[in-house]
Amino acid sequence: IGEIGAVIQYDDHLHKTNVELAKETWIHIRNEELVHVGELLGLLCYLAPYQKALIEKGLKEFEERMGT
């Protein structure tokens, strides 16, 4: 939850500035946080394999809503 909150916070900072160096920095940090989200999801799937199926189901349902 903390990692996702950080992603949202960095995106918020990104959209509130016109300073290119700040934008580049916040993009880099935000992307690192997204890598952490992926790592945590991987760990969750490893520690609780039954949850992997639920995550995949949620992704599939989202993709269906989006028409992809």
Side-chain angles (χ1 to χ4, degrees):
I1 292 171
E3 299 294 335
I4 293 171
V7 169
I8 293 167
Q9 184 179 20
Y10 288 120
D11 266 345
D12 186 50
H13 290 309
L14 173 64
H15 297 296
K16 289 182 177 178
T17 187
N18 293 325
V19 178
E20 283 304 312
L21 180 60
K23 286 183 177 186
E24 292 172 12
T25 302
W26 284 321
I27 288 170
H28 174 76
I29 295 169
R30 183 215 43 212
N31 290 348
E32 287 296 318
E33 297 297 341
L34 286 167
V35 170
H36 297 163
V37 169
E39 289 177 310
L40 290 167
L41 281 172
L43 179 60
L44 177 64
C45 292
Y46 173 77
L47 294 174
Y50 71 93
Q51 291 184 5
K52 180 179 181 183
L54 295 172
I55 292 167
E56 290 170 345
K57 180 181 178 189
L59 289 170
K60 182 179 177 188
E61 288 178 8
F62 177 76
E63 288 171 353
E64 289 171 357
R65 272 196 304 278
M66 295 298 296
T68 57

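Numbering starts at 1 and runs along the sequence shown. Computed from a predicted model, the values in this text were never measured in an experiment.
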In the structure I gave you, are the side-chain heavy atoms of Ile27 and Arg30 within less than 4.5 Å of one another anywhere?
yes
To the nearest 0.5 Å, atom NE2 of His28 lies from atom OH of Tyr10 at 10.5 Å
Rounding to 0.5 Å, atoms CG (Leu34) and CD1 (Ile29) come to a distance of 12.5 Å
Given the rule that I, L, V, M, F, W and Y join up when any side-chain heavy atoms are under 4.5 Å apart, are Ile4 and Ile55 in one cluster?
yes
Between the CD atom in Glu24 and the CG atom in Leu14, the distance rounded to the nearest 0.5 Å is 10.5 Å
Working to the nearest 0.5 Å, report the span between CZ of Arg65 and CD of Glu63.
10.5 Å
Working to the nearest 0.5 Å, report the span between CD of Glu3 and CD of Glu33.
4.5 Å
Do Leu54 and Leu59 land in one hydrophobic cluster if side-chain heavy atoms of ILVMFWY residues count as linked below 4.5 Å?
no
Sole candidate of Leu43, Leu41, Val35 that passes side-chain contact (heavy atoms from CB on, under 4.5 Å) when paired with Glu39
Val35
Give the table of side-chain donor-acceptor pairs shorter than 3.5 Å for residues 15-22, with sequence neighbours excluded, one pair per line with atom names and distance.
residue, atom, partner, partner atom, Å
Lys16, NZ, Asp12, OD2, 3.2
Thr17, OG1, Val19, N, 3.1

